2 protein chains.
Amino acid sequence: MNDCTSKEKKFSDVVIPRILNYLKIVQQLEKNNKTNILSEEISRMTNTSAVLVRKDLANFGKFGQPGTGYDVSRLKNYLLDIIGGKEMSNLAVVGVGNLGSALLNYKGFEEEGLKFVAAFDKQEGKIGKICGNVIVEHIDNIGESIKRNNVHIGIIAVPSDVAQAVAGTLVESGVYSILNFSHVALSVPPEVTLRNVDLAIELKALRYFSVNR
Amino acid sequence: MNDCTSKEKKFSDVVIPRILNYLKIVQQLEKNNKTNILSEEISRMTNTSAVLVRKDLANFGKFGQPGTGYDVSRLKNYLLDIIGGKEMSNLAVVGVGNLGSALLNYKGFEEEGLKFVAAFDKQEGKIGKICGNVIVEHIDNIGESIKRNNVHIGIIAVPSDVAQAVAGTLVESGVYSILNFSHVALSVPPEVTLRNVDLAIELKALRYFSVNR
DNA sequence: GCGTGTGAAGGGTTTCACAGCA
DNA sequence: TGCTGTGAAACCCTTCACACGC
């Protein structure tokens with residue numbers, strides 16, 4: 001097989017972030033007009049063993065050149081196919097504090113297929129303000145706004161004590177993909193895909209691995 | 001064995017975040033004056049199977065009561081021992097944009113053993129301002145300030161194009177634990193523990209798992 | 001009886017060693 | 001010769017089934 005045959009294949013939670021890292025790197029290389037890359041180089045840039053890089057990539061079909069390496073733009077396109085990064089995803093942020101603002105103002109999401117289409121807060125002073133490319137709406141508008149803007153992914157960037165309520169509202173409004181930045185364990189129905197980014201846990205994990213090495 | 005014997009034991013990258021989640025939950029429960037918890041409940045709150053919860057906990061010695069469950073405050077203390085969460089870690093943030101400010105202003109890190117002691121930016125308007133509990137210093141002060149403040153962990157919250165340079169400065173200044181929020185692959189010497197939180201990758205992973213379920 | 005603790009089985013992931021191709 | 005691709009082995013992680021203790 002010489003084509004990308006693995007669109008049906010499901011990849012695990014270990015593999016996907018790794019592949020997304022490979023993608024990040026080849027996109028970077030393409031911008032710098034590099035046309036070829038070795039598994040050895042990808043390995044160094046991602047802290048992944050070179051064999052594992054090759055194994056991962058070989059999963060999708062063989063598009064490496066023995067003795068030469070991988071063609072950067074070809075690799076990029078295959079990875080995008082697999083990851084589904086070619087269509088735009090519409091994002092909504094709930095909570096326009098510092099974290100919410102950081103997300104909304106981040107340049108570069110859009111060229112990665114991620115687009116903010118709505119933002120919500122309950123603080124009157126923030127409603128109607130422009131943040132990034134969107135106008136902040138009142139949190140009571142979530143239901144209506146999410147349908148109007150065809151939101152795919154909801155991002156929870158509110159204080160912990162209201163995070164669960166916001167999650168409920170998002171789900172009711174039909175958002176089945178949630179990224180949770182709050183420091184509480186959310187409970188959502190099984191059909192919802194939930195991913196947590198807990199900054200305290202990241203810091204503590206880092207601390208653990210610095211000490212225990 | 002009935003004691004916590006596993007201080008020497010090293011846990012993997014899969015296990016540690018899970019344990020930190022257990023800890024988060026028992027800390028929460030303790031605040032709510034709950035004194036006892038079943039593996040079944042921890043399971044529901046963390047999306048981890050109950051057997052796995054018991055296996056994880058049994059790693060540290062048996063402190064569950066068959067037929068009854070776990071004593072919350074005893075469990076908390078053991079987990080803190082294992083994770084090393086009893087000493088305070090000093091943190092420094094480089095880049096006081098929205099993300100840096102979000103971190104500096106987050107209430108609750110301190111009671112988790114994480115304390116911000118320094119913040120840096122290169123934008124003149126920000127220098128000298130108070131953010132959270134620290135005064136923002138110029139980025140040129142990193143070397144001196146890090147020694148003065150005994151920084152353990154450096155957090156990179158600057159734009160991608162300067163992230164590598166900042167990483168270099170941190171390492172030169174003696175910071176060997178780095179949490180990187182920028183969207184580039186940093187290269188650091190092997191003695192440095194580096195952990196990456198890439199928001200674009202989190203969003204893309206979430207998208208992948210929403211579609212492929 | 002109920003819930004924890006644990007050896008054994010099962011499944012998945014990573015490494016090893018080497019085959020194959022430019 | 002150099003680098004990719006791949007079966008086999010090793011390793012780790014998770015689940016299963018059940019023993020044990022309150």
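The structure displayed is predicted, hence computed values, not measured ones. By convention in this document, chain letters (A, B, ...) are assigned in the order of the sequence lines, proteins followed by strands, and residues within each chain are numbered from 1.
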Residues in side-chain hydrogen bond (donor to acceptor under 3.5 Å, both in side chains) contact with [X], at least two apart in sequence or another chain:
{"X": "Asn196(B)", "result": "Asn180(B)"}
{"X": "Arg18(A)", "result": "Asp56(A)"}
{"X": "Lys76(A)", "result": "Glu30(A)"}
{"X": "Lys115(B)", "result": "none"}

Phosphate oxygens OP1/OP2 of dT4(D): is one of them under 4.0 Å from a side-chain N or O of Ser39(A)? yes
Under 4.0 Å from OP1 or OP2 of dC22(D): is there any side-chain N or O of Tyr70(B) that close? no
So what does Gly67(B) touch, heavy atoms closer than 4.0 Å: a base, only the sugar-phosphate, or nothing?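 The residue Gly67(B) makes base contact.
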Is the Phe60(B) to Phe11(B) ring centre distance short of 6.0 Å? yes
Measure from the side chain of Ala58(B), starting at C-beta and using heavy atoms only, and say which of dC21(C), dT6(C), dG5(D) lies closest.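 Taking heavy atoms from C-beta onward, the closest nucleotide is dT6(C).
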Out of dA22(C), dG21(D), dG5(D), whichever nucleotide has its closest atom nearest the side chain of Gln65(A):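 The answer is dA22(C), which lies nearest to the side chain.
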Hey, could you give me each pair passing ring-ring contact (aromatic ring centres under 6.0 Å, His included) that has a residue in residues 82-119 of chain B? Not counting sequence neighbours. Tyr106(B)-Phe109(B), Phe109(B)-Phe116(B)
If the sugar-phosphate is the primed atoms plus P, OP1 and OP2 and the base is the rest, what is the B/S/- string for nucleotides 7-14 of chain C, using protein heavy atoms under 4.0 Å? BB----SS
